[in-house]
Amino acid sequence: MTRDEILKAPSMPAFSPSYPHGPYRFLRREYLIITYETDPDALRAALPEPLEPAPGNLAYYEWMKMPDSSGFGDYEESGSAIVAQYKGEPCNYSVQMYLDDEPPITAGREIWGFPKKWGVPRLKVMKDTLTGTLHYDEERVAMGTMTYKHRSLEDQLDTVRDGIGQLNVNLKLIPDVDGGVKVAQLVGYRLQDITVHGAWEGDARLHLIPHVNCRVADLPVRRIVRARHQVVDFTLPYGHVLHDYLA
């Protein structure tokens with residue numbers, strides 16, 4: 001391989017890349033998002049500076065089903081995030097994510113710093129209940145349930161779309177070959193070209209089980225605030241550096 005050929009490769013291994021060049025388009029992506037009040041000390045411990053908690057000590061747990069993702073295929077994902085602020089601007093900070101497909105795990109970690117690990121999430125309708133589960137090493141560590149399409153947000157889809165397009169933040173950490181830190185950044189990105197096919201709210205419950213290697217329960221559930229079910233299309237663009245810890 002020549003130098004030019006090497007530099008054109010989108011990802012490793014160069015002979016058979018894990019993922020192509022972006023941006024990446026997602027069609028009919030389905031969400032179950034359960035927002036809840038959590039322990040303020042646990043929230044603060046999980047949130048990297050200079051991010052600050054938003055009022056209310058809010059976190060959320062979500063399931064995502066991606067049936068048509070350019071470059072990544074068909075997979076499912078689950079994880080937790082914190083409702084935060086960056087220099088006064090509302091944002092969502094990803095704490096941990098678990099999914100069942102190698103290309104988006106690798107791309108997510110290498111490009112944007114998504115905190116992704118392997119797990120087995122599932123989101124499906126069980127009779128009258130939208131149900132999300134997460135298994136890690138064959139042990140169930142999370143279950144969320146929501147009433148199915150009880151309250152439509154058909155008259156609020158523009159507001160839903162605006163919320164989806166707000167700032168998202170990840171902590172990107174990449175070690176150097178000597179074991180030191182090569183990259184330590186807060187990375188920001190905003191979803192683009194968003195189409196909301198439908199959105200609903202309803203009652204929900206969330207059960208998180210402690211596990212040392214899948215620490216979804218480290219942000220404990222104190223009170224359910226709201227739950228949303230939504231189906232959307234969007235483009236995931238490349239991100240930008242908000243804060244460089246090595247600068």
Side-chain angles (χ1 to χ4, degrees), residues 1-31 48 62-81 92-123 132-138 141-142 164 168-194 211 213-216 232-242 244-246:
M1 298 180 68
T2 67
R3 177 182 182 275
D4 288 344
E5 289 172 334
I6 291 170
L7 295 181
K8 287 180 181 178
S11 58
M12 296 187 297
F15 189 69
S16 178
S18 286
Y19 52 89
H21 289 293
Y24 305 91
R25 184 69 177 164
F26 293 80
L27 301 178
R28 308 295 300 190
R29 179 163 172 163
E30 185 175 14
Y31 290 80
E62 63 183 348
W63 280 266
M64 296 162 280
K65 180 184 290 186
M66 281 76 73
D68 187 349
S69 308
S70 60
F72 301 146
D74 179 359
Y75 65 103
E76 299 190 43
E77 189 166 349
S78 180
S80 59
N92 299 315
Y93 171 71
S94 297
V95 179
Q96 51 194 323
M97 308 172 82
Y98 299 88
L99 52 158
D100 59 356
D101 188 16
E102 184 272 329
I105 292 177
T106 306
R109 290 170 66 109
E110 293 179 353
I111 299 173
W112 301 272
F114 281 110
K116 299 192 176 194
K117 296 174 70 172
W118 182 270
V120 183
R122 292 293 179 263
L123 177 62
T133 59
L134 173 64
H135 284 76
Y136 186 87
D137 291 342
E138 301 183 2
V141 293
I164 294 171
N168 295 283
V169 182
N170 298 325
L171 175 61
K172 182 175 181 178
L173 296 173
I174 297 180
D176 208 341
V177 293
D178 61 0
V181 180
K182 183 67 172 181
V183 175
Q185 302 169 335
L186 281 183
V187 175
Y189 69 96
R190 297 177 188 272
L191 303 179
Q192 300 175 347
D193 304 321
I194 301 166
H211 190 296
N213 284 322
C214 183
R215 295 166 51 185
V216 294
V232 303
D233 301 340
F234 62 77
T235 298
L236 173 60
Y238 291 114
H240 59 283
V241 177
L242 298 174
D244 190 342
Y245 294 96
L246 300 180

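Given the structure is predicted, the values throughout are model-derived calculations rather than measurements.
- When all heavy atoms of Pro237 and Pro23 are compared, the closest pair comes out as CA-CB, 4.1 Å.
- The structure places CG of Leu186 at 12.0 Å from NZ of Lys172, a figure rounded to the nearest 0.5 Å.
- Rounding to the nearest 0.5 Å gives a distance of 11.5 Å between CG of Leu171 and CG of Leu242.
- Counting only heavy atoms from C-beta outward, the side chains of Trp112 and Leu236 approach each other to under 4.5 Å.
- Ser11 contributes a side-chain N or O that, together with a main-chain N or O of Tyr19, makes up a donor-acceptor pair within less than 3.5 Å.
- Note: Phe72 and Phe26 have tilted aromatic rings, judged against thresholds of 30 and 60 degrees for the angle between ring planes.
- Annotation: salt bridge (Lys or Arg N to Asp or Glu O under 4.0 Å) contacts involving residues 2-23, sequence neighbours excluded, are absent.
- We find the CG-CD distance between Leu246 and Gln185 to be 8.0 Å, quoted to the nearest 0.5 Å.
- In this structure the side chain of Tyr75 never reaches within 4.5 angstrom of the side chain of Pro103, judged on heavy atoms.
- Looking only at distances, no side-chain donor or acceptor of Asp176 sits under 3.5 Å from a matching main-chain atom of Asp178.
- Taking CD from Glu76 and CG from Leu123, the interatomic distance works out to 6.5 Å, rounded to the nearest 0.5 Å.
- In this structure, CG in Leu173 is found 14.5 Å from NZ in Lys182, a value given to the nearest 0.5 Å.
- Using a 4.5 Å heavy-atom cutoff, the side chains of Val216 and His211 are not in contact.
- The side-chain hydrogen bond (donor to acceptor under 3.5 Å, both in side chains) check on Tyr31 picks up Arg29, with sequence neighbours excluded.
- Across all their heavy atoms, Asp244 and Ala184 have their closest contact at OD1-O, 3.4 Å.
- Within the structure, salt bridge (Lys or Arg N to Asp or Glu O under 4.0 Å) contacts touching residues 95-118 (residues at least two apart or in different chains) are Glu77-Lys116, Asp100-Arg122.
- For Arg25, the CZ atom sits in a packed shell: over 12 heavy atoms of surrounding residues, nucleotides or ligands are nearer than 6.0 Å.
- When each of Phe114, Tyr24, Tyr238, Phe234 is tested with Tyr189 by the rule ring-ring contact (aromatic ring centres under 6.0 Å, His included), just one qualifies, namely Phe114.
- Although no hydrogens or angles enter the test, the distance criterion places a donor-acceptor pair under 3.5 Å between the side chain of Trp63 and the main chain of Thr133.
- For the atom pair CG of Asn170 and CG of Asn92, the computed distance is 10.5 Å after rounding to the nearest 0.5 Å.
- Of all heavy-atom pairs between Ile164 and Asn168, the closest is O-ND2, 4.3 Å.
- Heavy atoms only, all atoms of each residue included: Lys65 and Pro67 are closest at O-CD, 3.3 Å.
- Between the Ser18 side chain and the Met12 main chain, a donor and an acceptor come within less than 3.5 Å of each other.
- When side chains are defined from C-beta on, Pro121 does not count as touching Tyr98, because their heavy atoms never get closer than 4.5 Å.
- With a 4.5 Å cut-off on side-chain heavy atoms, Arg28 and Asp233 count as touching.
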